[in-house]
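Below is one structure, written out as structure tokens; comments come after it.
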Amino acid sequence: MKNKIHFKVCERQVKEKKQLFTAIENECSSIGYYDLPVQNVDSILNYTDTFEQEIENIVVLGIGGSSLGAKAIYEFLKPVKLPIRNLYFFESTDPLNIMEILSKIELEKSHFLVISKSGTTVETISVFKYLYEKEANPSSYTFITDEDSDLDKFAQEIGSKVFYLPANVGGRFSVLSVVGLLPLALCGVAIKELLRGSNAVKESFFNDGYLKETLLNKAIFYAKYHTTYNINCLFAYSETLRYFTEWYVQLWGESLGKKQRHSAFHVGVTPIGLIGPKDQHSFLQLIVEGTRDKSVTFIKIEDFENELTVPNLTLPHLESLDILNKITFHDLITMQSDSVIEALKEQEDIPLDEILIKRVDEESIGELIYYYELLTSLVGQLIDVDTYNQPGVESGKIILKEKLKNYQYKGKK
Ligand code: PA5
């Protein structure tokens with residue numbers, strides 16, 4: 001992958017970059033995701049080999065970090081690589097959504113992956129209860145959770161297969177662990193290629209490759225200007241990256257929106273996911289003429305490996321659009337993103353950068369994932385937050401549990 005930065009970075013911040021790099025190096029001993037690219041995946045692959053052909057659907061029950069990563073990768077690859085099984089996600093308590101997914105799958109041809117690090121997430125367990133009442137065969141389920149969680153104990157009791165999250169890997173940083181790798185491997189994704197891509201970024205950052213400088217510069221800029229440019233737009237020029245932007249919004253939002261560790265200030269950089277060219281006809285106006293509070297990162301695909309072409313057709317009254325004739329859609333979408341970038345560059349006060357990934361394959365998405373995880377850790381260090389916790393979502397959960405207790409009580413009366 002390549003990353004071209006169009007805003008002015010301060011090359012002289014040598015001491016600051018050194019300190020930041022050391023802080024991240026130090027985190028490696030306590031934060032588990034850094035080493036995921038070099039893990040051994042034999043146990044995952046051996047397990048996938050035991051699956052019979054009759055299983056047509058892999059159904060994930062999980063939410064947030066337990067679902068978004070696998071979904072981003074699966075949806076990215078789907079248009080170019082026909083999955084060997086369909087992957088579905090129960091991520092919601094919306095009854096209509098539950099019914100809709102159920103109407104698409106035959107239970108006998110489905111295997112369910114119940115994924116919850118804590119093992120007690122309301123969304124996941126409520127849907128699991130619903131399905132378990134219909135399908136109580138323990139071999140229809142695989143559980144992925146923390147060792148010794150209540151869900152682990154339940155799975156052991158019914159005799160289902162359980163995988164554990166590696167130590168110190170948080171939900172939203174878990175896509176390259178069994179949480180993301182197992183569902184993807186079961187659908188035919190080459191998970192070793194995925195890890196190869198992420199390892200290339202890891203090596204480049206930790207062993208003085210070019211991404212080290214780029215990532216440090218970018219993080220320092222975002223942190224320095226986090227009150228001015230407090231919104232980061234990720235503008236991806238491919239429909240394949242739609243769910244990647246959802247994953248990024250969760251990673252960035254839940255990791256960086258916090259009260260600072262050493263002050264009473266609340267900070268964060270608001271993530272926005274955009275898809276080109278669609279959002280040229282929508283959000284772009286706000287970027288170009290709205291408040292100067294946004295930085296924009298464009299993601300482009302270098303080679304779509306697809307020759308679909310606009311035919312050489314002249315239409316009455318539409319002759320002015322003959323300029324589109326014989327252009328490949330690949331070139332068209334690239335010209336569209338380049339034109340927007342050029343127009344934004346003219347504004348001079350909108351910080352821009354471009355990420356170019358080679359093609360739609362496992363390696364490229366593996367690179368992108370690890371790149372964004374690193375960037376999140378770097379910015380988190382600099383804006384002085386605990387990147388890996390999420391205390392802000394706890395109070396709502398406590399209130400919900402109270403409401404549920406009252407609901408049960410009233411229901412029994
Ligand atoms: O990133 C996180 O930690 C969260 O988004 C969790 O992934 C999410 O809340 C689901 O939690 P769990 O995996 O414990 O069910």
Side-chain angles (χ1 to χ4, degrees), residues 27 30-34 36 59-74 89-94 97-98 112-132 141-155 160 162-184 243-258 268-271 273 369-370 372-377 379-380 385-401 404:
E27 269 195 9
S30 57
I31 300 299
Y33 90 82
Y34 288 110
L36 292 177
V59 186
V60 170
L61 283 69
I63 194 165
S66 290
S67 67
L68 289 171
K71 192 174 187 179
I73 296 171
Y74 176 80
F89 293 87
F90 280 109
E91 302 172 282
S92 176
T93 44
D94 172 349
N97 178 256
I98 296 170
F112 300 91
L113 304 179
V114 186
I115 309 181
S116 175
K117 180 176 166 63
S118 62
T120 53
T121 299
V122 162
E123 292 84 351
T124 308
I125 303 301
S126 56
V127 176
F128 170 65
K129 282 184 181 219
Y130 183 76
L131 292 173
Y132 191 62
Y141 296 90
T142 301
F143 293 81
I144 302 176
T145 185
D146 268 349
E147 190 165 4
D148 239 13
S149 72
D150 290 344
L151 190 61
D152 177 25
K153 289 175 195 151
F154 168 79
S160 288
V162 189
F163 282 93
Y164 297 126
L165 270 96
N168 299 326
V169 173
R172 58 193 171 275
F173 287 86
S174 68
V175 50
L176 298 174
S177 76
V178 62
V179 167
L181 297 184
L182 181 60
L184 292 167
Y243 292 97
F244 175 79
T245 66
E246 272 196 21
W247 172 84
Y248 145 80
V249 166
Q250 189 230 1
L251 179 73
W252 202 252
E254 217 174 4
S255 301
L256 301 179
K258 304 266 161 76
V269 183
T270 305
I369 294 244
Y370 201 78
Y372 264 94
E373 289 179 338
L374 274 178
L375 185 63
T376 307
S377 296
V379 177
V385 295
D386 183 340
T387 309
Y388 308 102
N389 68 3
Q390 54 281 329
V393 299
E394 292 310 316
S395 42
K397 284 189 192 168
I398 294 165
I399 296 170
L400 173 65
K401 289 228 159 116
L404 286 168

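Note that ligands are numbered from 1 as they come in the structure, with each ligand's atoms numbered from 1 the same way.
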(request) Say whether Ser116, considering both its backbone and side-chain N or O atoms, lies within less than 3.5 Å of an N or O atom on ligand 1. (result) yes
(request) Please report which non-hydrogen protein atom sits nearest to atom 7 (O) of ligand 1, along with the residue it belongs to and the distance in Å to one decimal place. (result) Gly65 N, 2.9 Å
(message) So that I can tick it off, tell me whether Lys71 and Glu246 are bridged by a salt bridge, with the cut-off set at under 4.0 angstrom between side-chain N and carboxylate O.
(response) no
(message) Show the nearest heavy-atom pair for residues Leu151 and Ser116, with the distance to one decimal.
(response) CD2-CB, 4.1 Å
(message) Thr376 vs Phe173, test: side-chain contact (heavy atoms from CB on, under 4.5 Å). Steps then yes/no.
(response) CA-CA 10 Å; Thr376 307; Phe173 287 86; 4.2 Å; yes
(message) My understanding is that we take every heavy atom of each candidate and find the minimum distance to atom 14 (O) of ligand 1. Doing that for Ser149, Ser118, Gly170, which one comes out nearest?
(response) Ser118
(request) Check ligand 1 against Gln390 and write out every atom of the ligand that is under 4.0 Å from a heavy-atom position of the residue. (result) 3 (O)
(message) What protein heavy atom lies closest to atom 8 (C) of ligand 1? Include the residue and the distance to one decimal.
(response) Ile63 O, 3.7 Å
(message) Would you say atom 11 (O) of ligand 1 makes contact with the protein, given that contact here means a non-hydrogen protein atom less than 4.0 Å away?
(response) yes
(message) Show me which atoms of ligand 1 lie under 4.0 Å from any heavy atom of Gly171.
(response) 1 (O), 2 (C), 3 (O), 7 (O)
(request) Identify, for atom 9 (O) of ligand 1, the protein heavy atom at the shortest distance, and state residue, atom and that distance. (result) Lys397 NZ, 4.5 Å
(message) Yes or no: does Glu123 have any heavy atom under 4.0 Å from an atom of ligand 1?
(response) no
(request) Using the side chain to side chain donor-acceptor pair (under 3.5 Å) rule, pick out the option among Thr145, Asp146, Asp152 that qualifies with Tyr164. (result) Asp152
(message) What protein heavy atom lies closest to atom 5 (O) of ligand 1? Include the residue and the distance to one decimal.
(response) Gln250 NE2, 2.6 Å
(request) Over 60° means perpendicular and under 30° means parallel, so classify the ring planes of Phe154 and Phe128, tilted if in between. (result) perpendicular
(message) Measuring from atom 4 (C) of ligand 1, which candidate in Lys117, Glu254, Glu91 has the nearest non-hydrogen atom?
(response) Glu254
(message) Considering non-hydrogen atoms of the protein only, which is the closest contact for atom 2 (C) of ligand 1, and what is the distance?
(response) Arg172 NH1, 3.5 Å
(message) Using the side chain to side chain donor-acceptor pair (under 3.5 Å) definition, which of the options Glu254, Arg172, Lys258 pairs with Gln390?
(response) Arg172
(request) Step through it carefully: locate the ring centre of Tyr141, locate the ring centre of Tyr132, and say whether they are under 6.0 Å apart. (result) yes
(request) Could you check Ile63 against Phe89 for side-chain contact (heavy atoms from CB on, under 4.5 Å), going step by step and ending with a plain yes or no? (result) CA-CA 9 Å; Ile63 194 165; Phe89 293 87; over 6 Å; no
(message) Please list the nearest protein heavy atom to atom 15 (O) of ligand 1 with its residue and the distance rounded to 0.1 Å.
(response) Thr121 OG1, 2.4 Å
(request) Could you go through the side-chain contact (heavy atoms from CB on, under 4.5 Å) check for Phe90 and Ile98 one step at a time? (result) CA-CA 7 Å; Phe90 280 109; Ile98 296 170; 4.0 Å; yes
